[in-house]
There are 2 protein chains.
Amino acid sequence: MNDPAALRELAAQLRVDSIRASAAAKSGHPTSSMSAADLLAVLLADHLRYDFDDPANPSNDHLIFSKGHASPLLYAVYKAAGAISEDDLLSFRRFGSRYEGHPTPIIPWVDVATGSLGQGLPVGVGVALAGRKLDRLPYRVWVLCGDSEMAEGSMWEAFEHAAFAGLDNLTAIIDVNRLGQRGETMHGWDLDSYADRARAFGWHAVEVDGHDVEAIEKAYGEAEGTTGRPTVVVARTKKGKGVKAVEDQLNQHGKPVPDRDEAIAELGGVRSISVRVAAPEGNGAPHTFATDGDVALPRYEVGTEVATRKAYGEALAALGSADGRVVALDGEVSNSTYAEIFTEAHPDRYFEMYIAEQQMVAAAVGLQVRGWTPFASTFAAFLTRAYDFIRMAAVSRAHLCLSGSHAGVSIGEDGPSQMGLEDVAALRAVHGSIVLHPADANATAQLLPAMAAHDGIAYLRTLRGATPVLYGADDGFAIGGSKVPRSSEGDVATVVAMGITVHEALKAADALAADGIAVRVVDAYSVKPLDADGIRAAAAATGAVVTVEDHWAEGGLGEAVATALVEGGAAVPFTRLAVTAMPTSGKPDELLAAAGIDAVAIAEAVRGLVATPSSEERTA
Amino acid sequence: MNDPAALRELAAQLRVDSIRASAAAKSGHPTSSMSAADLLAVLLADHLRYDFDDPANPSNDHLIFSKGHASPLLYAVYKAAGAISEDDLLSFRRFGSRYEGHPTPIIPWVDVATGSLGQGLPVGVGVALAGRKLDRLPYRVWVLCGDSEMAEGSMWEAFEHAAFAGLDNLTAIIDVNRLGQRGETMHGWDLDSYADRARAFGWHAVEVDGHDVEAIEKAYGEAEGTTGRPTVVVARTKKGKGVKAVEDQLNQHGKPVPDRDEAIAELGGVRSISVRVAAPEGNGAPHTFATDGDVALPRYEVGTEVATRKAYGEALAALGSADGRVVALDGEVSNSTYAEIFTEAHPDRYFEMYIAEQQMVAAAVGLQVRGWTPFASTFAAFLTRAYDFIRMAAVSRAHLCLSGSHAGVSIGEDGPSQMGLEDVAALRAVHGSIVLHPADANATAQLLPAMAAHDGIAYLRTLRGATPVLYGADDGFAIGGSKVPRSSEGDVATVVAMGITVHEALKAADALAADGIAVRVVDAYSVKPLDADGIRAAAAATGAVVTVEDHWAEGGLGEAVATALVEGGAAVPFTRLAVTAMPTSGKPDELLAAAGIDAVAIAEAVRGLVATPSSEERTA
């Protein structure tokens, strides 16, 4: 242990550097940094085990700033550790600098992006789960939390799950500086309120004066010595600690201190202390899981009926047999999503997250921090619960596979609360995502390896009901591709569909064929990226396009296709079918008909388009 | 109090009717209903104060099934209360019946849709807040919760806020039947685990045998007699209670009992007990707030610079002065969203929800149940946290106004975690929503009354930075409208923009005009519904379209405009500008330039379009 005076000096440097960084940037959160400076000084000097020269060392501890706005403090810590320079620190928030307003993993020592409050701790739970259950390495996960973010329910999902899983390698540090952005928090300096809640959730809790380095030392030691459950250090601190003009003052959130030089002088001036952070002992190799060699995906016979959600489960189990990095998580619906098939095959690599979709996605993000390939599943409708976590996963440059089952009105009797009808719009609007919605079991199975290989967020939308197998097991499905299950020379229109509506489109094509109207059916199983060229070619060849999707009319297949047509300069008569009225309970067929997206509606739309003279004919 | 034997008979009827309803439907959740039958029998017979003939009676209690899948029990309760018929009960889950798989407010006695777990209690907090702070009526709110949904963080946001607000008019009943959909919950029958957590959060907690009607009576009496804090009744129950084939059995979730007749016989047969539910005493008039007459919206001088978020706050305060039903909520960022201006003007109608966006939206939904008009605000980015609640608010047919500030890369230094870049896509894909993104302060102010009047979900997207006032205070802005701040006879292209990019488009138009290229600028402040006719007319008149938005390329303005063009048969050369790379920190201008959505990029896109011969010219 370093001597208390040295620790206090280090803390003063962290405060001064937080002030300097935000003064240089003319923005940022120095006061939220200053409250936690002592907490970080002690951690850095005496407890963190981290090799800054080798951030990929699997034995490194993990330090996550759940209160991401305290980024000046984090960067001051990096500087004290010798990882970054003075110039780096002072480039804070400048265009082109990797030291952004809130931390992102552009920085090699940052695991995940934070800045949407209430996410760092749930992600920390994921990293700690990886340490215990997958890597089987003794690294610790330290998460600095704000007191304001304790109001987020996701924090309590994390408290619940961490205790349930017995994660004694996880320590949460709550910087109780009393003041939020706009005023006092619900609990002010009532440390008991946090500690009592944490204890009720099964954690070990320690209350400390967050500016007393000796008390902090003791608390961290207690955390390290506690087995069987995680520890929370509840620290009473003052926002802006050490600078009278801002200390414990309202209206000093998120802005530089009023007088930088005066503040630095008050803190005893600029220092250049360098801390030798202890490296982890050894470079322990993470555990690996035995595999069976090449992936043997399930194969389905054309014409049989299989739900795509079931193909997901079977293919995921097969993928897991071939790739030991593949792991699965589910939100207590694994018998609906069929993640249970993976669970049975690979119980050691399955994480039951119960009904806590935010914690599920956060845990998946935490697992991929350590190089695992997570597949997380629930109903498509309930992935909306974790939308902010998915958004932030993209900022984290996470490699994350998601599967949403029970998409659309075709689920039937359960009604609109269970129907994913906005998931394609929401997931398309995630940076770097791919969105896949296959119509049959072979397509589903073949897309899984591509999802696992996609460096970003991959979303698979699956169906509740069994659908006929349309494609052969070797047909080949690629990200950005499409299939044309029906076409002929004389096609006068193209129907672009996905998932369940591919089957409706094929039925419509049969009905139209009986009337001598030939239509092409395009299965746009890759909604993002869309096979724009293929669809434009079909539009050009047939002269008219109908899109049909079991999804709201906004942000889904229809708008993606319309955009591809306009951007390709391919103006053809166009009709878009989608769900526009609030669905109810009913049989799948009744609901597809009521929504105007069944075979009858498609045939009618095609007839409407081909009966109308095209605009060229009109103007001719 | 009814005698225990009569209550047990009533409970048996509720079980039998739950079995009958789901047997008729061949689907549904009878076992999840049977566990809570005693809890509901006692509530209905002896504690609920509700006039089923007058569901609009302001003094009625509120009964919310947070575990919405127990809908057979809810409908059995309605039948026992004489509100619905035998035929109604047996129409469960049929197409055309209002007795859907999960309850929705199509049914007059249902306040809000449930079925996405973890939402009923947070909404109940909102209704209870309305009772205490707005209506000032003594009605009670009873919420039936499942044990599985206690894993949702939103439940703990509700526990936190209800205790903070001292809501002793709220009672949560947890049906601890031990079994989730796929297996046991984290805590099984450990009632203490729930009660201890609730107590730590500041609630009064009572543990009971949930099949002992006398114990339940006592617990409800305790809830009614507890002041200053809410009460939770933690009830140990058995799933499928009373029918050996399913009682406390795994794999009996969400399906009819195997043998209906045997099960009914085991429960003593079909009964036709009718309960006279006590009506509330009197028909108390809810409190109303004094108002100042006609709305006097703020007026801004053309050419001055005002942030649209500030106009939101000022206009909301003005709206509140004219309409006493208008109330506001914010997620601890009211000094950023400027909801604080409303707070200062109308402190009694403001709800500080702290950093708990799910609870904020749920509370707003609860307030509108009682006829209040809530405006809930936070950063656009953080509304994604509540996306499932917004989705469900649409299923609830809620009248809800949302404001998301700090949209897009134009916020600058704070970086991507704080930039709303998917909000337009997400909010457009909500049933019945409108999405508004005004470019100046006068447009913002004038849109607020239209939001308040919209019967559905209205979303307003505002900007962090001050932008020049473009429009007069009497110019008139309507849902579905657009403005053309720049046009001339000789325009050769139309730039369709919204928010910050309207200003960039005007700058681009100036730069292009210097080169003799005249362009029209359309301000599509109403993104949904879009002024499709206006945009098509501009496209036809000018012959080319560029769209530009500070939002991801998916699901936003560009796709909406592209779709309108294709659907209108108006194929013109088209370029779409949007954010496509992950932004960083930087100055607003630097980030707009880096994203390729600033004036320079717009001018370049226009030049690219007008330099290219149109497709007609090519083919001519």
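Chain A is the first sequence line, chain B the second, and so forth, proteins listed ahead of strands; every chain is numbered from 1.
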Checking heavy atoms, do the side chain of [X], its backbone, both or neither come under 4.5 Å from chain B?
{"X": "A:Met582", "value": "both"}
{"X": "A:Ala113", "value": "neither"}
{"X": "A:Thr575", "value": "neither"}
{"X": "A:Lys26", "value": "neither"}
{"X": "A:Pro122", "value": "neither"}
{"X": "A:Gln181", "value": "both"}
{"X": "A:His69", "value": "neither"}
{"X": "A:Phe389", "value": "side chain"}
{"X": "A:Thr114", "value": "backbone"}
{"X": "A:Met419", "value": "backbone"}

Most heavy-atom pairs under 4.5 angstrom with chain B, which of [options]?
{"options": "A:His187, A:Glu149, A:His253", "answer": "A:His187"}
{"options": "A:His551, A:Met392, A:Arg391, A:Glu422", "answer": "A:Arg391"}
{"options": "A:Ala425, A:Ala200, A:Gly586", "answer": "A:Ala200"}

Report the option among [options] that has the most heavy-atom pairs separated by less than 4.5 Å from atoms of chain A.
{"options": "B:Trp156, B:Tyr354, B:Tyr99, B:Trp552", "value": "B:Tyr354"}
{"options": "B:Glu340, B:Glu413, B:Arg397", "value": "B:Glu413"}
{"options": "B:Val395, B:Val424, B:Val545", "value": "B:Val395"}
{"options": "B:Gln119, B:Glu352, B:Met155", "value": "B:Glu352"}
{"options": "B:Ala426, B:Ser336, B:Gly558", "value": "B:Ser336"}

| query | Of A:Arg428, A:Lys528, A:Arg576, which meets salt bridge (Lys or Arg N to Asp or Glu O under 4.0 Å) against B:Glu559? | reply | A:Arg428
| query | Can the positive tip of B:Arg197 be found less than 6.0 Å from the middle of the six-membered ring of A:Phe201, inside 45° of the ring normal? | reply | yes
| task | May I have all residue pairs that pass side-chain hydrogen bond (donor to acceptor under 3.5 Å, both in side chains) and include part of residues 579-591 of chain A, sequence neighbours excluded? | result | none
